[in-house]
Engineer: 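So that we are looking at the same thing, I have put the structure below in structure tokens.
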Amino acid sequence: MKLSQQPLLGSRSGRALTAPLASRSTGRVPLVVRSIAEPVSPAKKAAAMNGADPYTADVHAKMVSVVGKSKHSTTKEAYRAVAYSVRDRLIERFNATHAHWEEKDAKFVYYLSAEFLMGRTLTNAIFNMGLEGPYAEAMRAIGTDLETLHSEERDAALGNGGLGRLAACFLDSIATLDLPGWGYGIRYKYGMFKQAVDASGKQTEMPDIWLTDGNPWEIKRPDVRFEVCFGGKVEKKNGKSVWTPNEKVIAQAYDNPIPGFQTPTVSNLRLWDAEPINEFDLAAFNAGDYDKASVDRERAESISAVLYPNDATPEGKELRLKQQYFFVAASLQDVFARFKKVHGTNWEKLPEKAVFQLNDTHPTIAVAEVMRLLVDVEGLTWDAAWGITTTMLNYTNHTVMPEALEKWPVKVMAKMLPRHMEIIEVINDGWTKWLESYLPGSTAEKAAKIKTLSIVHPNQWNADEMLVNMAYLAVVGGAHVNGVAAIHSQIVKDDIFNDFYKIFPSKFQNKTNGVTPRRWLAWCNPELSSLITETLGSDAWINNAEMLAGLRAYATDKAFQAKWRAVKLVRKHKLAAVIKERFGEDVNINSLFDIHIKRIHEYKRQYLNLLSIIWRYKQLKRMTPAERKAAVPRMCIFGGKAASAYDMAKRIIRLTTAVADKINHDPETKDYLRLYFLADYNVSLAETIIPAAELSQHISTAGTEASGTSNMKFQMNGCLILGTWDGANIEIAEETGVEEVFVFGVRAEEIVKLRETRKTLKYDPRWTEIMKDIEGGMFGDKEYFKPMVDSVNNMDVGNDWFLVANDFAAYLDAQEAVDKVYKDQDEWTRRSIMYTAGSGKFSSDRTIREYAEDIWDVVPRPRARRKLVLCLTDARAVAWRGV
């Protein structure tokens, strides 16, 4: 069949309707995501109950044993029955995988991260295990479908932004590539917070109570518990340092199996929950001191309660440090215990069996903790312990932002972790003495350089306060340091750690980030996934994303372009339905869907985007009705959370909602311009937004965004990018074609000079007009918005650190270029296809292979697969059965 004769993809259900084509590369029928809400006959249901379909029978069994009913009365009950059935399949594969790895005595990578933004599990687990056919049949048998049950699952509140989502993608790739590896983190009870927008348009924060109904995807391990200590004092006894803590908690392990795709491998994310040593003080309770009776539990549970607690207070700083040490200490004890079970005290062998990746500075206290465990607990000499530590710890830097390069006050570290502070001082003393012998120059020159390289140094804003620079500790105490995009890794070497790079050039590497094509294309965009599989003749691209380059041959094919646009339209309708549900408003489905979804931060410059929307609105107001009809309609969506203590970010959200309220209800312009702020942005919402997006904004000030990963997700889904020459935008442009990307703004090498001369900048008249509008109350709340205006427009008050005004005119020019191309739908579609075709490099599989080969020295350990048997559950559902 010629391409132009193939049936159009897409249906009202949002599922693909094409017949599967045999895979040329694997011999299997390629994965096609389908509608699974079709009715099942009474005869087939009876056969399932009699054991003809073990999956349906198991779901019915779970309905009885887990839900406690013979038949579900709510979709939540159906979800629980199906989820616990799928969970059993995960556990079977998990146990077999780990038995195999134990038999092989494999070397493991342990990925330590404060965040794992996992998203929902049900769909991902079913598809990754290749069980979409059997479970489609099972769900039909109980009168439901996956799309319905999917919405019943709560997003796991274990992360916030790109850092946590990257960690989740990496775990998916580690399992898919059969690499022995685990993630380690914290089982947050309330997440960061659940975001809402109040009646005044301001962000409000509420606890994200996601564990209310339990979590079917976790397995509590009552036999895996470790004591974690804080505070107290350190004394010298027989020439050794002895730590006597004054606070102890229990770290309780919860395992979350992570399935790979097209492999029986199931890896693990082990999360720690903080529990008290003493559950309840009955004596205090009986004495009437009810608060004291539960104080130990409250103190312990606060450690694993909230992601990134507000650290604006001394108590908040202490809690953050306790959190970081808590999960690092528990994780290291766990790894050491498993090592000792096999290898005893043969500690020189430890780096051959374990390697650690520290995801940003949050887990870098691991340097001091490994030393404490090896020296204080296991009795190794300092030099032997240091040799092991510096061989197996590796640090990923994710940002150039100063607040993310953590520096703990020495007073806080000494109070909460006195032995670790002592160890850090010993490390720093040895480091600075080594520098004295290594560095060239005079005594004064050496002293100046050593001061800049010291792990412990004065606070530049308060000379009386000494700080521990955790990034420096990781660089000195680790084997490798990597950035996460080519430009970022160069900044790491040229700026952030330049002096360290000159001393240890071989330590520094680049590992450009990636995202899993399973969740972020194959599963979240089934229509596009099916079209790609049909066009390439195989679903092998899901595990070999470089094959997407084959789409380039079809970029100018008119029939293929029509199918591509039809797929996008299906997803736009899905997003429009979300808008309708949340706001009660219909949107113009033919408008350009323009998306800006990121953590709210000044450097990400949502403010700049807002200013352009205001200017677009003002232009529309000045047009005649005929001119408006000729303009490109825009539907703009913002999403993201502002940190609870980040005042300016919260003001940006308020201005967004104020502008939206103005323009969405203007009868003259509302058909041509809309703006919506989608509160509580999370993985599941992103899975709806990203496939529908036509333009995505990645407009951080050049040199401030380490990489970004949302840009990669948008690219995979054929969304064009409007962005600065920053982070992974550069590499995306190189892979897609620089001419295909709407690039604007100053370059990283210009930033320093532009900041120095910012006060003399001559403002664009359009800028001045908009500033006066905001300051004059065009969007209300003028007193609340005045600090925003001053921060970028009044250099006697602010400094426009992120150069919003400098890039404003160029940004408006780029927006005009977007409109021009969008009017030519053939050209826009051609570019969209080229984006997906150029996204292969940005699979997290590629990133993880590079880590495994260049840093971890961990090799795949696939277990022998059973003979795969093709199982046809009906004429439309195909799956590979077998563990």
Side-chain angles (χ1 to χ4, degrees), residues 107-110 112 184 226-230 232 234-245 324-358 361 363-395 413-414 417-435 437-438 454-456 468-481 500 503-504 507 855-857:
K107 181 179 182 180
F108 271 68
V109 57
Y110 299 105
L112 274 60
Y184 275 113
F226 296 98
E227 196 175 83
V228 179
C229 304
F230 307 98
V234 177
E235 299 175 295
K236 291 290 185 181
K237 295 182 180 179
N238 300 320
K240 295 183 177 180
S241 294
V242 177
W243 180 21
T244 305
Q324 293 177 9
Y325 176 66
F326 166 75
F327 92 87
V328 167
S331 303
L332 289 172
Q333 288 183 73
D334 190 31
V335 173
F336 280 33
R338 292 207 308 279
F339 175 84
K340 289 178 73 173
K341 183 179 178 181
V342 178
H343 299 286
T345 57
N346 188 13
W347 291 108
E348 65 272 14
K349 197 176 181 67
L350 179 61
E352 299 174 20
K353 299 300 175 184
V355 61
F356 298 85
Q357 194 67 40
L358 310 179
T361 52
T364 54
I365 191 64
V367 175
E369 177 65 1
V370 171
M371 290 299 293
R372 186 190 73 83
L373 291 173
L374 292 177
V375 174
D376 295 2
V377 179
E378 301 299 336
L380 272 65
T381 65
W382 180 273
D383 289 345
W386 186 244
I388 292 169
T389 301
T390 55
T391 302
M392 66 180 187
L393 297 182
N394 305 282
Y395 161 56
M413 181 73 74
L417 301 170
R419 175 56 177 150
H420 297 76
M421 188 65 246
E422 186 177 79
I423 289 170
I424 291 169
E425 287 174 337
V426 173
I427 292 171
N428 193 52
D429 184 60
W431 164 240
T432 54
K433 286 181 178 177
W434 181 86
L435 286 172
S437 64
Y438 172 82
S454 178
I455 297 167
V456 181
V468 179
N469 190 312
M470 301 305 289
Y472 286 9
L473 178 65
V475 174
V476 173
H480 299 94
V481 178
F500 292 93
I503 297 170
F504 305 119
K507 272 194 180 189
I855 294 179
W856 301 338
D857 191 27

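Numbering of residues begins at 1 and proceeds along the displayed sequence.
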Engineer: Y438 and W431: aromatic ring centres closer than 6.0 Å?
Structural biologist: no
Engineer: Identify the heavy atoms of A366 and L358 that sit nearest to each other, and give their distance.
Structural biologist: CB-CD2, 4.1 Å
Engineer: Kindly determine whether R372 and W243 satisfy side chain to side chain contact (heavy atoms under 4.5 Å, CB included), including the steps that lead there.
Structural biologist: CA-CA 10 Å; R372 186 190 73 83; W243 180 21; 4.0 Å; yes
Engineer: Under the side chain to side chain contact (heavy atoms under 4.5 Å, CB included) rule, what do V426 and W382 come out as? Steps first, then yes or no, please.
Structural biologist: CA-CA 10 Å; V426 173; W382 180 273; 3.5 Å; yes
Engineer: Considering non-hydrogen atoms only, spot the tightest contact between V367 and A474 and give its length.
Structural biologist: CG2-CA, 4.3 Å
Engineer: Working to the nearest 0.5 Å, report the span between NZ of K507 and CD1 of I855.
Structural biologist: 12.0 Å
Engineer: Do you see a donor-acceptor pair shorter than 3.5 Å between the side chains of N428 and S454?
Structural biologist: yes
Engineer: Can you tell me how far the CG atom of L380 sits from the OG1 atom of T389, to the nearest 0.5 Å?
Structural biologist: 9.5 Å
Engineer: Between atom CG of D857 and atom CE of M392, what is the distance when rounded to the nearest 0.5 Å?
Structural biologist: 14.5 Å
Engineer: Can you find a heavy atom in the side chain of S241 that is under 4.5 Å from one in the side chain of K236?
Structural biologist: yes
Engineer: If I take atom CD1 from residue I365 and atom CD1 from residue I424, how far apart are they, to the nearest 0.5 angstrom?
Structural biologist: 4.5 Å
Engineer: Please determine whether side chain to side chain contact (heavy atoms under 4.5 Å, CB included) holds for the pair V476 and W434, giving the CA-CA distance in whole Å, both sets of side-chain angles, and the decisive distance to 0.1 Å.
Structural biologist: CA-CA 12 Å; V476 173; W434 181 86; over 6 Å; no
Engineer: Roughly how far apart are W347 CH2 and L374 CG, rounded to 0.5 Å?
Structural biologist: 6.5 Å
Engineer: Would you name the heavy atoms of T364 and T361 that are closest together and state the gap between them?
Structural biologist: OG1-O, 2.6 Å
Engineer: Can you name the closest pair of heavy atoms from W856 and K107 and give their distance?
Structural biologist: O-NZ, 2.8 Å
Engineer: Could you tell me which non-hydrogen atom of A329 sits nearest to which non-hydrogen atom of V228, and how far apart they are?
Structural biologist: CB-CG1, 4.1 Å
Engineer: Evaluate the side-chain proximity of M413 to M470: yes if any heavy-atom separation is below 4.5 Å, no if none is.
Structural biologist: yes
Engineer: Within the 4.5 Å heavy-atom criterion, are S331 and Y110 side-chain neighbours or not?
Structural biologist: no
Engineer: Search all heavy atoms of P418 against all heavy atoms of G232 and return the closest pair with its distance.
Structural biologist: CG-O, 3.8 Å
Engineer: Does a side-chain heavy-atom distance below 4.5 Å link F504 with H480?
Structural biologist: no
Engineer: Decide yes or no for V342 and K349: does some side-chain heavy atom of the first lie under 4.5 Å from some side-chain heavy atom of the second?
Structural biologist: no
Engineer: Atom CD1 in I455, atom CG in D429: separation rounded to 0.5 Å?
Structural biologist: 10.5 Å
Engineer: Listed by chain and number, what are the salt bridge (Lys or Arg N to Asp or Glu O under 4.0 Å) partners of E227, not counting sequence neighbours?
Structural biologist: K248
Engineer: Are any non-hydrogen side-chain atoms of L417 and E369 less than 4.5 angstrom apart?
Structural biologist: no
Engineer: Run the numbers on V375 and I423 for side chain to side chain contact (heavy atoms under 4.5 Å, CB included), then give the verdict.
Structural biologist: CA-CA 10 Å; V375 174; I423 289 170; over 6 Å; no
Engineer: Report yes if the side chains of F356 and Y184 come closer than 4.5 Å at any heavy-atom pair, otherwise no.
Structural biologist: no
Engineer: So do V370 and W386 actually touch side chain to side chain, heavy atoms under 4.5 Å?
Structural biologist: no
